[in-house]
2 protein chains.
Amino acid sequence: MSPNPVIPDSAVSRLATYLRVLRDPRVEGRQHVSSAYIGDRAGVSPDQVRKDLSHFGEVGRPGVGYDLEHLIGHLARIMRLDRVQTAVLVGAGNLGSALVQYTGFGQRGFRIAAVFDIDPQRVGTNLGEVVVEHVDRLAQRVEELGATIGIIAVPRWACQTVADAMASSGLRAILNFAPAKIEAPEGVNVRSVDLARELECLAYYLPG
Amino acid sequence: MSPNPVIPDSAVSRLATYLRVLRDPRVEGRQHVSSAYIGDRAGVSPDQVRKDLSHFGEVGRPGVGYDLEHLIGHLARIMRLDRVQTAVLVGAGNLGSALVQYTGFGQRGFRIAAVFDIDPQRVGTNLGEVVVEHVDRLAQRVEELGATIGIIAVPRWACQTVADAMASSGLRAILNFAPAKIEAPEGVNVRSVDLARELECLAYYLPG
DNA sequence: GTTTGTGAATGAGTTCACAGCA
DNA sequence: TGCTGTGAACTCATTCACAAAC
């Protein structure tokens with residue numbers, strides 16, 4: 001699925017965290033960082049940090065640590081974050097609107113270049129810097145924009161339909177915010193975030 | 001931390017998913033459901049479903065399956081979802097506003113009963129059905145409302161301060177949307193959702 | 001003395017396989 | 001025959017421990 005070495009998904013997630021830590025302004029000025037430093041900021045053991053980083057060949061110097069700039073570049077390349085990734089979003093409701101305007105994506109190198117909805121009331125309205133388009137135009141716009149990632153922010157009952165449309169539009173990655181399982185063809189990577197489930201998991205540990 | 005048996009966090013997350021599947025309107029009318037049915041809808045193997053459910057004693061009947069209503073009640077009690085859980089949210093920015101108005105929480109038994117911010121421009125404004133209050137009032141309002149869960153939707157630099165305030169206000173669970181590690185005292189459960197990281201993980205698997 | 005890279009040991013979680021009940 | 005409950009086998013990930021490099 002990827003020219004990168006096969007590493008556990010949990011490790012991929014941690015690598016993204018390391019990169020976030022290294023790009024934090026507070027680290028600026030440092031020449032080197034140690035696995036202990038990264039681990040502390042990321043909430044991970046130093047051993048784990050070294051193991052994760054060693055999946056991609058030697059990058060650190062014993063007794064010194066990792067060269068900051070070099071490591072950032074290395075990680076960014078591995079994670080495909082050395083370029084701006086273009087995403088499109090379907091579902092201009094409450095959550096969709098917030099996601100489009102969420103500055104965190106832009107800061108981390110993602111651009112939501114188009115937003116789609118099926119509701120004529122919403123089509124044509126402004127959302128941040130984009131105009132909501134009819135979902136019929138998805139495939140055409142994906143191609144025009146060279147988008148690679150689709151974000152689903154529609155109700156549960158519509159999410160599979162949207163996912164199918166995304167897959168046949170050529171998108172290779174889908175981030176789904178609807179609380180339902182999504183089937184996608186081989187080669188299309190789906191990741192789901194169920195916001196309510198996060199609260200539910202917390203509830204389990206509550207006393208009483 | 002909980003009177004419930006100690007089960008892996010991954011299992012807790014799946015239990016929440018099973019409950020979502022069982023409460024789906026499409027299941028209504030059924031008397032029994034099998035582990036195979038649940039597993040199919042949840043994207044999990046039947047073995048895994050049975051293992052997860054068996055952590056809490058026998059609930060299914062061989063040859064028949066699980067009694068639908070009974071299982072829903074059982075899971076809801078285990079997950080503390082047999083009552084409305086009251087949450088408060090700090091950070092009335094883009095993301096915070098969307099979360100307050102997100103209907104998915106209410107549908108799943110959570111009520112965001114108060115919203116706080118530190119910006120005088122935002123304090124006093126309406127957000128859905130609540131009025132934004134100054135974060136100084138957090139502790140008092142948590143007590144008045146009997147809230148148990150805190151949701152953090154502030155910028156990274158402010159999240160630890162907010163978490164500290166939440167912990168000392170008596171909240172026992174925190175859902176953090178700021179992209180940073182949070183330290184909390186023993187007994188306070190923190191869960192972090194980094195929306196940009198989800199996209200980053202997807203980027204790793206992109207071709208090219 | 002400090003810190004990396006990595007094989008070995010440990011541990012956690014998932015899948016298997018089957019006995020037992022309907 | 002269909003389906004659950006569960007110990008055993010297995011897989012996968014993390015932690016340990018130490019040699020080598022600075």
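Each chain gets a letter, A, B and so on, in the order the sequences are listed, and its residues count up from 1.
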Exceeds 12 heavy-atom contacts within 6.0 angstrom, atom CD of B:E144: yes
Side chain to side chain contact (heavy atoms under 4.5 Å, CB included) evaluation trace for A:L202 with A:L206: CA-CA 7 Å; A:L202 282 171; A:L206 286 175; 6.0 Å; no
Strand contacts (DNA chain D) in residues 60-72 of chain B, 4.0 angstrom heavy-atom criterion: B:G60, B:R61, B:P62, B:G63, B:V64, B:G65, B:Y66
Trace of the side chain to side chain contact (heavy atoms under 4.5 Å, CB included) decision for A:I152 with A:L175: CA-CA 6 Å; A:I152 298 179; A:L175 182 56; over 6 Å; no
Contacting residues from residues 32-45 of chain B, given that a heavy atom lies under 4.0 angstrom of DNA chain C: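 Within this stretch, B:S45 sit under 4.0 Å of the strand.
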DNA chain C contacts among residues 9-19 of chain B, heavy-atom distance under 4.0 Å: B:S10, B:R14
Intermediate values then yes/no, salt bridge (Lys or Arg N to Asp or Glu O under 4.0 Å), A:E28 and A:R26: CA-CA 6 Å; A:E28 262 175 37; A:R26 284 172 294 183; over 6 Å; no
Shortest non-hydrogen contact from B:R156 toward B:P179: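 Nearest pair, atom of B:R156 first, then B:P179: CD-O, 3.5 Å.
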Between C:dT3 (C1') and A:Q31 (CD): distance, integer Å: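 Whole-Å distance recorded here is 16 Å.
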Interatomic distance where CD belongs to B:Q48 and P belongs to C:dG13 [whole Å]: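 It is 11 Å, rounded to the nearest whole Å.
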Please list, chain by chain and in numerical order, all residues satisfying salt bridge (Lys or Arg N to Asp or Glu O under 4.0 Å) with [X], sequence neighbours excluded.
{"X": "A:E133", "result": "A:R137, A:R141"}
{"X": "B:D164", "result": "none"}
{"X": "B:R50", "result": "B:D47"}
{"X": "B:D67", "result": "none"}

A:N176 CG to A:K181 NZ distance, which is reported to the nearest 0.5 Å: 12.5 Å
By side-chain hydrogen bond (donor to acceptor under 3.5 Å, both in side chains) - contacts of A:K51 (at least two apart): none
Protein-nucleotides 6-12 of chain C N/O pairs under 3.5 Å:
{"residue": "C:dG7", "atom": "O6", "partner": "A:K51", "partner atom": "NZ", "Å": "3.1"}

Intermediate values then yes/no, side chain to side chain contact (heavy atoms under 4.5 Å, CB included), B:Y37 and B:V27: CA-CA 10 Å; B:Y37 178 90; B:V27 186; 3.5 Å; yes
Contacts of B:F105 that satisfy ring pair (Phe, Tyr, Trp, His ring centres under 6.0 Å) - sequence neighbours left out: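 For B:F105, the residues satisfying ring pair (Phe, Tyr, Trp, His ring centres under 6.0 Å) (neighbours in sequence not counted) are B:Y102.
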Sequence neighbours excluded, every pair satisfying salt bridge (Lys or Arg N to Asp or Glu O under 4.0 Å) that has a member inside residues 104-116 of chain B: A:D194-B:R108, A:E200-B:R108
Lys/Arg-Asp/Glu bridge criterion (N-O < 4.0 Å) met for B:R14, B:D9: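 Judged by the 4.0 Å cut-off on N to carboxylate O distance, B:R14 and B:D9 do not form a salt bridge.
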Chain B footprint on DNA chain D, 5' to 3' - any atom under 4.0 Å from a heavy atom: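 Answer, 5' to 3': D:dG2 to D:dA8.
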